[in-house]
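Handing you a structure now.
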Amino acid sequence: MLPAERLILTNARILTMDAGLTEHARGWIALEGDRIVALGDGAPPEGRQQDMGGDLVMPGMVNPHCHMPMTLFRGLGEDVDDRLFRYILPLERALVTAEVVEIGAALAALEMIRGGVTTVADMYYFEDRIGAVLDRSGMRGVVGQTLADFAAPDHGSMDEGFARLDALAEMYRDHPRITASAAPHAPYSTGIEVMARVAEWSGAHPELPVQMHLAETQAELDWAAKHGATTVELTDRAGLLNPRLVAAHVMYPSDSDMDLIAERGAHVAHNARSNGKAGRGIAPVTELRARGVKVGIATDGPMSGNTLDLFSQFAPAAMFQKIAQNTRGALPCTDVIRMATIEGAATLGMADRIGSLEPGKQADLIRISLADPRLHPIYDTYAMLTFATMPSDVTGTMVAGRWLMEDRSVTTLDADKTLADALQIACRFRARMHDIDTGA
C-alpha cells in the first residue's frame, strides 16, 4: 500500500482552537490522507503545496442539533401562531416520505458546506436516507432516529421505531464519518417508559450518542410537574442523563437541574436564534458552562432558526448572555468560537478526533477569505468571527482531508439539481397549505 500523499497548506493565518488557543500569523498545515500530521510557522516541510493566500484556516464547525430535512419548511407560516398544528404536522403526515427527506437533507448539506459546517448532529425521520446524503456530500454527521408518541412518517409504533434504530446502528457501525444515534423526541412526547427503554438501548450501544429536546418549553415543565419532578429529574430517573446525552435547548432548568446535568456529565446544544424567534427567553448558557457543562452552538431546524450556518448564531448567542448577565464580558468571543468548534465536538464525544487543528486529528477545516472590508481591521480574530464574518466568506471546506468546496464551488453535490428538487417539493407543500386554508 502506497503512503498517502502529503499536502501542505501554506501561507495561512491559522486558528488552531487547541488548549492554548495557539495562532499562527503566517503558518502551514501538513496533511496526509485524512489526518493532520504537523503544523507550524516558518518554512514548510516538503510536499505538494497549496497556497492559502493569507486566508484564515480554522477547524470546521460543529452543529450539534439540527433537523436537516426541514429546510423544506423554511419560512413557512412564519407569522401564524398555530403553524405547528395548522401546517407542519399535517404536511409531515401527508407528504414527508423517504424521498422528500433525502431532498431536504441534500439542500441542508449544501448550505452547511457553503457555511463552513463540517459536522452535524441530525434528528428526524428516515435517517438512513439522511446518512446517505451526508455520506455522498462528504460531511461528518450523527444521524438520530426520532422516537415519539405522535404519528411519525417513518414508523407507526415504538417497536417499529426501535427496529429502525437497530437497523441504523448496524448500517453505520463501521462508517468512518457517520454515526448512528437514538433520538427520543422529548420527555413529554415519549414518556418515562420509552425513555427508560432508550436508556437500556444506549447501555447496549455505549459508543453511540443520544439526542433529545430537554427543558425546552413551559408545557414540558408542566407535564413533568404532574409526575412530581422536573423534566431533567425525570430524564435522570429514566437513566438517560449521562455523558452520551446531547440535550437540546435546556431553556428552563432549575439550579438543581443544572447541578444534576453537570454531575451526570450530559451535554447541551444551544440554539440561540430559534429560542429567540420563539420568544422563549434566554437559556442559562453562562451558568451551565460555569458548572463545567459542555455546550455547543447549534442551529436547530431551518423551520425554527431559518439558517444552517453557525455565523448567524454567534452574535445572538453572545448578546443574549450579555443581556442576561448585564455585562459586556459575558460569553467572550473566544468562548463562542470554542463552542462552535472544540466544545461542540466534545458534546458529540468527538473532541479526540475533530474540533481543533492538531497533529493526529482529522483534517476537518475551513478556509475563510479576509478580503471583505467589513472584516478589518482585525484586532481580535475571535471577535471578527463572532460579529462580522458571514457564511459567504467561507471559500473552502474540507472533511477528512478532502475538499468538499473550493472557491465557493461545492464539488460533492449538484447544487442546481438540489435546489430544483427542493423547489418541486415546496410546490407540493404550497398546494396542500392552500387546501388546509380553504378547507378543501
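Numbering starts at 1 and runs along the sequence shown. Remember, predicted model here, so these are calculated numbers, not experimental data.
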Notebook entry, point to check: Is there side-chain contact between Val142 and Ser181, with heavy atoms separated by less than 4.5 Å?
Noted result: yes
Check: Got Tyr125 and Glu92 here, is their nearest side-chain heavy-atom distance under 4.5 Å?
Finding: yes
Check: Hey, which of Arg129, Arg140, Arg177 is the one that makes salt bridge (charged side-chain N to carboxylate O under 4.0 Å, His left out) with Asp135?
Finding: Arg177
Next item on the list: Enter the distance from Tyr124:OH to Ile130:CD1 here, rounded to the nearest 0.5 Å.
Entry: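 Spacing of OH (Tyr124) from CD1 (Ile130) equals 8.5 Å.
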Margin query: Checking Val293 against Val295 for the side chain to side chain contact (heavy atoms under 4.5 Å, CB included) test, could you report, in this order, the C-alpha distance in whole Å, the side-chain angles of both residues, the deciding distance, and whether it holds?
Written below: CA-CA 6 Å; Val293 177; Val295 180; 4.2 Å; yes
Next item on the list: Compare every heavy atom of Arg280 with every heavy atom of Tyr252, then report the nearest pair and how far apart it is.
Entry: OH-O, 2.7 Å
Notebook entry, point to check: Sequence neighbours excluded, which residues qualify as salt bridge (charged side-chain N to carboxylate O under 4.0 Å, His left out) partners of Arg13?
Noted result: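 Salt bridge (charged side-chain N to carboxylate O under 4.0 Å, His left out) list for Arg13, sorted by chain: empty.
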Notebook entry, point to check: Would you say Asp309 and Arg114 make side-chain contact, with heavy atoms under 4.5 Å?
Noted result: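 No, their side chains stay 4.5 Å or more apart.
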Margin query: I need the Leu39 CG to Thr22 OG1 distance, nearest 0.5 Å.
Written below: 8.5 Å
Note to self: Assess the residue pair Phe429 and Phe73 against the criterion (ring-ring contact (aromatic ring centres under 6.0 Å, His included)); give the C-alpha distance rounded to whole Å, side-chain angles, the decisive distance to 0.1 Å, and a yes or no.
What the structure shows: CA-CA 8 Å; Phe429 282 12; Phe73 294 87; 4.9 Å; yes
Item checked: Nearest-0.5 Å distance, CG of residue Asp364 to CG of residue Leu357 -> 9.5 Å
Margin query: Tell me which one of Val285, Val250, Leu214 satisfies side-chain contact (heavy atoms from CB on, under 4.5 Å) with Val268.
Written below: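 One option only clears the test, and that one is Val250.
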Notebook entry, point to check: Between Arg408 (side chain) and Val394 (backbone), is there a donor-acceptor pair under 3.5 Å?
Noted result: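 Side chain of Arg408 to backbone of Val394, a donor-acceptor pair under 3.5 Å: yes, one is there.
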Note to self: Working to the nearest 0.5 angstrom, can you tell me the gap between Leu91 CG and Arg86 CZ?
What the structure shows: 11.0 Å
Margin query: Pairing donors with acceptors under 3.5 angstrom, does anything connect the side chains of Trp403 and Gln50?
Written below: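 The answer is yes; a qualifying pair exists.
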Margin query: With a 3.5 Å distance limit and no angle check, can you tell me whether His24 reaches the backbone of Gly27 through a side-chain donor-acceptor pair?
Written below: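 Flag not set: sc His24 to bb Gly27 has no pair under 3.5 Å.
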Check: Is there a side-chain contact between Met212 and Met123 (heavy atoms, below 4.5 Å)?
Finding: no
Item checked: Ionic contact status for Arg197 with Glu200, cut-off 4.0 Å -> no
Next item on the list: Would you name the heavy atoms of Thr190 and Ala148 that are closest together and state the gap between them?
Entry: CG2-CA, 4.3 Å
Next item on the list: Salt-bridge test for Arg48 and Glu5: reply yes if a basic N is under 4.0 Å from a carboxylate O, no otherwise.
Entry: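 Salt bridge flag = yes for Glu5 with Arg48.
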Next item on the list: May I ask you to decide if the ring planes of His205 and Trp201 are parallel, tilted or perpendicular, using 30° and 60° as cut-offs?
Entry: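 Rings of His205 and Trp201: parallel, under 30°.
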Which donor-acceptor pairs under 3.5 Å do the side chains of residues 271-279 make with protein atoms, sequence neighbours left out?
unit_1: Asn271; atom_1: OD1; unit_2: Asp300; atom_2: N; d: 3.0
unit_1: Asn271; atom_1: ND2; unit_2: Ala269; atom_2: O; d: 3.1
unit_1: Arg273; atom_1: NE; unit_2: Gly305; atom_2: O; d: 2.7
unit_1: Ser274; atom_1: OG; unit_2: Asp300; atom_2: OD2; d: 2.9
unit_1: Asn275; atom_1: OD1; unit_2: His249; atom_2: ND1; d: 2.9
unit_1: Asn275; atom_1: ND2; unit_2: Asn271; atom_2: O; d: 3.0
unit_1: Lys277; atom_1: NZ; unit_2: Glu78; atom_2: OE1; d: 3.1
unit_1: Lys277; atom_1: NZ; unit_2: Glu78; atom_2: OE2; d: 3.0
unit_1: Lys277; atom_1: NZ; unit_2: Ser304; atom_2: O; d: 3.3
unit_1: Lys277; atom_1: NZ; unit_2: Asn306; atom_2: OD1; d: 2.4

Next item on the list: Before accepting this row, confirm whether a basic side-chain N of the pair Glu358/Arg35 lies closer than 4.0 Å to the acidic partner's carboxylate O.
Entry: no
Check: Has the side chain of Asp154 got a donor or acceptor atom that lies under 3.5 Å from a matching backbone atom of Phe126?
Finding: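 Answer holds: yes.
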Next item on the list: Indicate yes or no for a side-chain donor-acceptor contact from His270 to the backbone of Pro284 under 3.5 Å, with no hydrogens or angles considered.
Entry: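 Checked: no pair found.
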Next item on the list: Using atom types as modelled and distance alone, determine if a side-chain donor or acceptor of Thr71 lies under 3.5 Å from a backbone N or O of Gly104.
Entry: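 The answer is yes, because a donor-acceptor pair under 3.5 Å joins these two groups.
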Margin query: Salt bridge or not between Arg164 and Asp128? Use side-chain N to carboxylate O under 4.0 Å.
Written below: yes
Item checked: Smallest separation among heavy atoms of Glu32 and Val37, with atom names -> CB-CG1, 3.8 Å
Checklist line | OG1 on Thr299 to NE2 on His67, rounded to 0.5 Å | finding: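 Between His67 NE2 and Thr299 OG1, I get 8.5 Å after rounding to 0.5 Å.
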Next item on the list: Measure across Leu308 and Cys66 and return the closest heavy-atom pair with its distance rounded to 0.1 Å.
Entry: CD2-SG, 3.7 Å
Notebook entry, point to check: With sequence neighbours left out, what residues match Asp393 under salt bridge (charged side-chain N to carboxylate O under 4.0 Å, His left out)?
Noted result: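 Counting only residues at least two positions away or on another chain, Asp393 forms a salt bridge (charged side-chain N to carboxylate O under 4.0 Å, His left out) with Arg374.
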Notebook entry, point to check: For residues 341-353, which residue pairs qualify under side-chain hydrogen bond (donor to acceptor under 3.5 Å, both in side chains), counting only residues two or more places apart or in two chains?
Noted result: Arg289-Glu343
Item checked: Among Thr397, Val399, Leu404, side-chain contact (heavy atoms from CB on, under 4.5 Å) partner for Ile366 -> Thr397
Margin query: Taking Ala109's backbone N and O only, do any of them form a donor-acceptor pair with Ser137's side chain (distance below 3.5 Å, no angle check)?
Written below: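 Pair absent, no side-chain N/O of Ser137 close to backbone of Ala109.
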Item checked: Spatial distance of atom CG (Leu208) from atom CG (Leu165) [nearest 0.5 Å] ->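 These two atoms lie 8.5 Å from each other.
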Checklist line | Side-chain donor/acceptor of His267 to backbone N/O of Val246, under 3.5 Å | finding: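 Not at all, since once roles are kept as given, no pair shorter than 3.5 Å links the two residues.
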Next item on the list: Please list, chain by chain and in numerical order, all residues satisfying salt bridge (charged side-chain N to carboxylate O under 4.0 Å, His left out) with Arg244, sequence neighbours excluded.
Entry: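 Salt bridge (charged side-chain N to carboxylate O under 4.0 Å, His left out) list for Arg244, sorted by chain: empty.
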Notebook entry, point to check: Any side-chain heavy-atom pair from Asn63 and Thr119 closer than 4.5 angstrom?
Noted result: no
Margin query: Please check this pair: side chain of Glu160 against backbone of Gly156, looking for a donor-acceptor N/O pair closer than 3.5 Å.
Written below: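 Such a contact is found between Glu160 side chain and Gly156 backbone.
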Note to self: Quick one, His434 and Ile436 - any side-chain contact, counting heavy atoms below 4.5 Å?
What the structure shows: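 No. Closest side-chain heavy atoms not under 4.5 Å.
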Next item on the list: Check the pair Arg74 / Glu111 against salt bridge (Lys or Arg N to Asp or Glu O under 4.0 Å), numbers first and verdict last.
Entry: CA-CA 13 Å; Arg74 181 172 13 222; Glu111 180 183 353; 2.9 Å; yes
Notebook entry, point to check: Taking everything shown except Asp81 itself, do over 12 heavy atoms lie less than 6.0 Å from its CG?
Noted result: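 At most 12 heavy atoms, drawn from other residues, nucleotides or ligands, come within 6.0 Å of this atom.
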Note to self: Quick one, Leu31 with Arg6, criterion side chain to side chain contact (heavy atoms under 4.5 Å, CB included). Give me CA distance, side-chain angles, the key distance, then yes/no.
What the structure shows: CA-CA 6 Å; Leu31 313 175; Arg6 176 171 286 200; over 6 Å; no
Note to self: Could you check whether any side-chain heavy atom of Arg367 comes within less than 4.5 Å of a side-chain heavy atom of Met52, counting everything from C-beta outward?
What the structure shows: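 Arg367 vs Met52: side chains touch.
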Next item on the list: Examine distances only and state if a side-chain atom of Lys294 and a backbone atom of Gly349 form a donor-acceptor pair shorter than 3.5 Å.
Entry: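 No, Lys294 side chain to Gly349 backbone: no donor-acceptor pair under 3.5 Å.
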Check: Less than 4.5 Å apart, any side-chain heavy atom of Thr389 and any of Leu56?
Finding: no
Item checked: Pairs flagged by side-chain hydrogen bond (donor to acceptor under 3.5 Å, both in side chains) wherever residues 418-429 is involved - sequence neighbours left out ->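 For residues 418-429, and leaving out neighbouring residues, the side-chain hydrogen bond (donor to acceptor under 3.5 Å, both in side chains) pairs sorted by first residue read Lys417-Asp421.
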Next item on the list: Could you tell me which non-hydrogen atom of His213 sits nearest to which non-hydrogen atom of Pro187, and how far apart they are?
Entry: O-CD, 3.3 Å
Note to self: Determine whether a donor-acceptor pair (N or O, by modelled atom type, separation under 3.5 Å) exists between the side chain of Glu220 and the backbone of Glu216.
What the structure shows: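 Between the backbone of Glu216 and the side chain of Glu220 there is a qualifying donor-acceptor contact (under 3.5 Å).
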Notebook entry, point to check: Taking all atoms of both residues into account, what is the closest heavy-atom pair of Ala318 and Thr386, and its distance?
Noted result: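 Taking every non-hydrogen atom into account, CB-CG2, 4.3 Å.
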